[in-house]
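Model, not experiment: these values are computed from the prediction. In this chain, numbering begins with 1 at the start of the sequence shown. All values below were derived from every heavy atom in this structure, side-chain atoms included, with hydrogens, water molecules and symmetry-related copies excluded.
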Amino acid sequence: MSWTSLTSGAVALGLCLGLSAGLLSGGGTAVAAPPTDRPAGRPAAGPVVTRAALDPALVAGRGARVGFAEQEAENAATNGTVIGPDRTAYTLPSEASGRTAVKLTPEQYVEFTLPSAANAITVRYSIPDAPGGGGITAPLDVTVNGKGRKTMTLTSQYAWLYNQYPFSNDPGADLLHPDWWITECACVPAATTPAPVITKPFRPSHFYDEQRLKLGKTYRAGDKVRLTVPAGSRADWTVVDLLDSELVGAPHVRLVAANVLLFGADPSGRRDSADAFDRAIAHAKRKNLTVYIPPGTYQVNRHIIVDDVTIEGAGNWHTVVKGRQVTLDRPAPDGSVHTGVGFYGKDAADGGSRGVHLSGFAIEGDVRERVDTDQVNGVGGAMSDSTITGLHIRHTKVGLWFDGPMSNVRVSGNIVVDQIADALNFHTGVTNSAVSDNFVRNTGDDGLAMWSEKTANARNTFTRNTVQSPVLANGIAVYGGTDNTVSENLVADPVREGSALHAGSRFGAEAFTGALRFTDNTTVRAGTYELNWNIGLGAIWLYALDKDIDADVRITGDRYLDSTYNAIMLVSDYAVKDLYAIEGVRFKDVRIDGTGTSAVSARVKGSASFENVDARNVGAVGVNNCGSFNFPASGSEFTLTDLGGNDGGRGAQSWLAPWLLPNTITCDDRPPVVAPPAPSTW
């Protein structure tokens, strides 16, 4: 989702709520602990395996089931410097998994101990941009037990965005929207005399990228993988965030198939294979065969249109479909000014596609800037009665963007990383579809989204997915729709202008109707600082901007761990505060372990009930109740109902104490932030 609509309300919420300029750079911003740059000593013996930088026991049964082991660099042996923790946007630690990483200079290293047998690794890293933008490349040496040196070529060509939405690749660019209100000056620069001086580069972000490497042989648990920045590296520094290690199986082989090699595809990647793919698909449809893409790298620089066809690779470590971004001679009818590699169903207006089954290959794009009209996504179009399984997608605009109406698509077991925008979006009339066991990291917008623009999405599920480090917006977001469910997901480390879980009546979405369920999800280090509004959000937040939210909304069994600000937030925009409400939301069997401020923040009229919502390590008053800011003598316009079993909070005080009920005004825009202790078993 784009965030231009936030700016229209920024002046109202930033000024009408009394958010003074003196607080813009001070009291509201929080970090989990003071940021540090410290030399790292050797950790305790043995590998430390985490999930979203947490003890896996804290997230058992939630998030994607993946084939790799995740190890954070700050837990490894190194002679570099640990940076972080820091949750302040536009900093290197804030975008790191766990908000902490290791910074190396030439000849420094970080060394991981393999927790299990592995023959392949993924390294998440950051290196500097070129002074004028556009990125650089730099080497990183990899050895195991001090032998078998291989060199990865790191790049920042797909990282480092700047400025206001939709962002720039130029660190020296002036404000893209000088007529927008910005917090840096608490002003609208174009309407301010004298004009404010804006530091450049303005708002750098999207620092990280990742690369995969086959090690050439299988190593055992206990072997040491060392990453070393060689002397003479072009990069003044290299930040290593984490290492994923895995045991990749042999290539999948399908003998009876329309093998793309037989139709002229080039597995070396030197020649464009798009036409060969088309010929293989046409032959497969005539002969009722599967299209098979053997091991290799295949250059494809445009969309491959798929309908009633099965396409299998040898596995996403073995088969790579890779393309350049191509500038079109003239804009396409849909507004695209570029094209690039992608597997697309037919447009819904043309009937869409059916029976598409994609599996077992990687898609690598070449997208380095955000152009919202561009169709430069890994998978796109409309695909009913289809499956997408076991893909690895990176460097596209959106990993999978579906424009409905369409029905019955199953998206499972994919890895989507390093996107300019979303990882997946069900856009317009997607129904009866499921997204499960997908791993998402480093999106430039929502990780997973359902957007009911013009036509409602209905009866969809997002289940057991992991979303880590969305740089902008939310981990998982639902914008309108009917009878949709978000369950058993793990969402970690959202950075800015969004949070972990979100339900929004906004972006022109159809109203929420029927049921909306958030069930058994876990969030960690969520609740970001909303820069435009200058307040902290909740780990889960419901937002009534365009319409009421009065559907049957139930949040059950969620766990909100180490929330930077609030665990739960219900909010509207000041400009529509007397128009829209959030009514009858039910919270049950929820656990809150650590908040920087409140357990619940209400900034809207409406109501919610709470049953068996247990909290501990709550940093401020349990309920920050502002209602819709009219402050009538009868109390807040937002009412809370205690259905029993709501325990814990801060010290001996219950987070939902009787004096807070039903609608005591406890409004505080910026309560002091108290960093909670690390999450632990309940």
Side-chain angles (χ1 to χ4, degrees), residues 155 157-158 211-212 251-252 254 257-285 289-329 332 334 336-347 353 356-369 371 374-381 383 386 388-402 414-420:
T155 182
Q157 294 168 334
Y158 299 98
Q211 287 201 33
R212 304 196 293 175
H252 163 70
R254 182 172 290 277
N259 188 317
V260 296
L261 299 181
L262 300 178
F263 298 87
D266 176 12
S268 73
R270 288 190 291 269
R271 291 183 289 104
D272 192 298
S273 294
D275 291 347
F277 277 43
D278 287 346
R279 290 191 292 269
I281 290 169
H283 179 80
K285 292 175 70 171
L289 294 170
T290 293
V291 174
Y292 176 63
I293 314 175
T297 297
Y298 300 84
Q299 182 187 155
V300 171
N301 301 313
R302 61 169 172 82
H303 297 172
I304 301 297
I305 305 302
V306 288
D307 182 24
D308 188 27
V309 66
T310 296
I311 303 177
E312 292 180 357
N316 64 51
W317 277 89
H318 304 295
T319 298
V320 179
V321 182
K322 185 173 183 176
R324 300 189 307 273
Q325 180 169 285
V326 177
T327 302
L328 300 174
D329 293 335
D334 62 10
S336 294
V337 294
H338 301 98
T339 190
V341 61
F343 291 79
Y344 272 67
K346 296 187 296 185
D347 288 346
S353 293
V356 176
H357 304 286
L358 308 176
S359 65
F361 56 92
I363 301 172
E364 293 192 11
D366 185 36
V367 179
R368 311 179 191 203
E369 60 185 331
V371 181
D374 270 355
Q375 286 286 347
V376 284
N377 308 313
V379 177
M383 297 180 187
S386 298
I388 296 94
T389 305
L391 303 188
H392 185 281
I393 306 175
R394 69 171 185 154
H395 295 162
T396 57
K397 187 181 81 173
V398 175
L400 306 100
W401 180 282
F402 296 101
N414 303 286
I415 297 173
V416 186
V417 297
D418 301 331
Q419 299 296 303
I420 287 290

Side chain to side chain donor-acceptor pair (under 3.5 Å) partners of [X], counting only residues at least two apart:
{"X": "D278", "result": "R302"}
{"X": "R212", "result": "N316"}
{"X": "Q211", "result": "Y125"}
{"X": "S273", "result": "none"}

How would you list, by chain and number, every residue that makes a side-chain contact (heavy atoms from CB on, under 4.5 Å) with [X], sequence neighbours excluded?
{"X": "V398", "value": "N377, W401, A421, D422"}
{"X": "D366", "value": "Y158, R324, Q325, R368"}
{"X": "S353", "value": "D307, K346, V356"}
{"X": "D329", "value": "none"}

### Query
Who passes ring pair (Phe, Tyr, Trp, His ring centres under 6.0 Å) against Y292, sequence neighbours left out?
none

Closest contact, heavy atoms only, [X] versus [Y]:
{"X": "A276", "Y": "A265", "result": "CB-N, 3.3 Å"}
{"X": "F402", "Y": "L400", "result": "CE1-CB, 3.8 Å"}
{"X": "N259", "Y": "P294", "result": "OD1-CG, 3.3 Å"}

When you compare the side chain of [Y] with that of [X], does any pair of heavy atoms fall below 4.5 Å?
{"X": "I393", "Y": "N414", "result": "no"}
{"X": "V417", "Y": "H392", "result": "yes"}
{"X": "V306", "Y": "M383", "result": "yes"}
{"X": "V379", "Y": "L391", "result": "yes"}
{"X": "V321", "Y": "F277", "result": "yes"}
{"X": "T297", "Y": "E364", "result": "no"}

To the closest 0.5 Å, what do you measure between [atom1] ([X]) and [atom2] ([Y])?
{"X": "I363", "Y": "T319", "atom1": "CD1", "atom2": "OG1", "value": "11.5 Å"}
{"X": "D374", "Y": "T327", "atom1": "CG", "atom2": "OG1", "value": "8.5 Å"}
{"X": "I304", "Y": "D275", "atom1": "CD1", "atom2": "CG", "value": "8.0 Å"}
{"X": "Y298", "Y": "D272", "atom1": "OH", "atom2": "CG", "value": "13.5 Å"}

### Task
Enumerate the residue pairs fulfilling salt bridge (charged side-chain N to carboxylate O under 4.0 Å, His left out) with a member in residues 310-319, sequence neighbours excluded, ordered by first and then second residue.
R254-E312

### Task
With side chain to side chain contact (heavy atoms under 4.5 Å, CB included) as the test, would you mind laying out the steps for H283 and V291 before giving the verdict?
CA-CA 9 Å; H283 179 80; V291 174; over 6 Å; no

#### Entry: From CA spacing to verdict: side chain to side chain contact (heavy atoms under 4.5 Å, CB included), Q419, T396
CA-CA 6 Å; Q419 299 296 303; T396 57; 2.6 Å; yes

### Side-chain donor-acceptor contact under 3.5 Å, Q375 with T339
no

### Task
Begin with the C-alpha distance, continue with both residues' side-chain angles, and end with the deciding distance and a verdict on side chain to side chain contact (heavy atoms under 4.5 Å, CB included) for V367 and H395.
CA-CA 6 Å; V367 179; H395 295 162; 5.9 Å; no

### Task
Any ring pair (Phe, Tyr, Trp, His ring centres under 6.0 Å) involving residues 300-319? Give me the pairs, sequence neighbours left out, ordered by first then second residue.
H303-Y344

### Main-chain N/O of R394 paired with D418 side-chain donor or acceptor, under 3.5 Å
no

